[in-house]
Amino acid sequence: QAASRDTVKFLFAANHTEAANELTLIDNNQDQLRADRTFVTAAGERWLVDFKFSEPRDAAALAAEAERYRPQLLRYVERLTALDRAHGNQYPIRVALYFPWIDSLHPIAI
């Protein structure tokens with residue numbers, strides 16, 4: 001059952017603040033972006049998690065997925081950073097892809 005997975009428990013922990021699913025962000029070109037999941041941990045880190053329903057089979061496939069989505073994720077980070085600053089916050093941002101079918105949270109260095 002998905003709800004019993006440690007990764008799912010982390011992603012949806014009740015003690016996260018500023019948590020949002022399907023958060024709409026507007027970029028500098030007025031395009032709408034949709035962030036799957038974002039939250040701030042008790043340690044003060046903002047997380048941006050993009051859910052992907054592919055099933056990468058190895059580290060090379062995970063790396064390829066990360067590179068494929070890097071430009072999109074960079075746009076999300078830019079907008080989330082601007083939103084945080086507008087509210088007087090400067091959280092470090094951690095970015096990850098989450099593959100629920102294989103229960104893999106893959107951090108991405110941005």
Taking [X] for the side chain and [Y] for the main chain, is one N or O donor matched with an acceptor at less than 3.5 Å?
| X | Y | value |
| --- | --- | --- |
| Arg79 | Asn28 | no |
| Ser54 | Pro56 | no |
| Asp58 | Ala60 | yes |
| His87 | Ala82 | no |

Partners meeting salt bridge (Lys or Arg N to Asp or Glu O under 4.0 Å) with [X] (sequence neighbours left out):
| X | answer |
| --- | --- |
| Glu67 | Arg70 |
| Arg94 | Glu45 |
| Glu18 | Arg46 |
| Asp50 | Lys52 |

- Message: Taking transitive links into account, so neighbours of neighbours count too, which hydrophobic residues share a cluster with Leu73 at under 4.5 Å side-chain distance?
- Response: Leu23, Leu25, Leu33, Leu48, Leu62, Tyr69, Leu74, Tyr76, Val77, Leu80, Leu83, Ile93, Val95, Leu97, Phe99, Ile102, Ile108, Ile110
- Message: With ring-ring contact (aromatic ring centres under 6.0 Å, His included) as the criterion, how do Tyr98 and Phe53 come out once you've worked through the C-alpha distance, each side chain's angles and the decisive distance to 0.1 Å?
- Response: CA-CA 8 Å; Tyr98 178 57; Phe53 292 92; 8.5 Å; no
- Query: Are the charged groups of Arg75 and Glu78 less than 4.0 angstrom apart, N to O?
  - Reply: no
- Item | From CD (Gln90) to CG (Asp84), nearest 0.5 Å | 9.0 Å
Work out which heavy atom in [X] is nearest to a heavy atom in [Y]; give both atom names and the distance.
| X | Y | value |
| --- | --- | --- |
| Ser4 | Lys9 | O-CE, 3.5 Å |
| Thr38 | Trp47 | OG1-O, 2.8 Å |
| Arg5 | Pro100 | NH1-O, 2.6 Å |

- Classify the ring geometry between Phe39 and His16 as parallel (under 30°), tilted (30 to 60°) or perpendicular (over 60°). parallel
- Message: Going by the rule side-chain contact (heavy atoms from CB on, under 4.5 Å), which residues pair with Glu22 if we only count those two or more places apart in sequence or in a different chain?
- Response: Arg34, Asp36
- Message: If you apply the rule side chain to side chain contact (heavy atoms under 4.5 Å, CB included), what do you find for Leu11 with Leu105, and how did you get there?
- Response: CA-CA 10 Å; Leu11 293 175; Leu105 185 66; 4.3 Å; yes
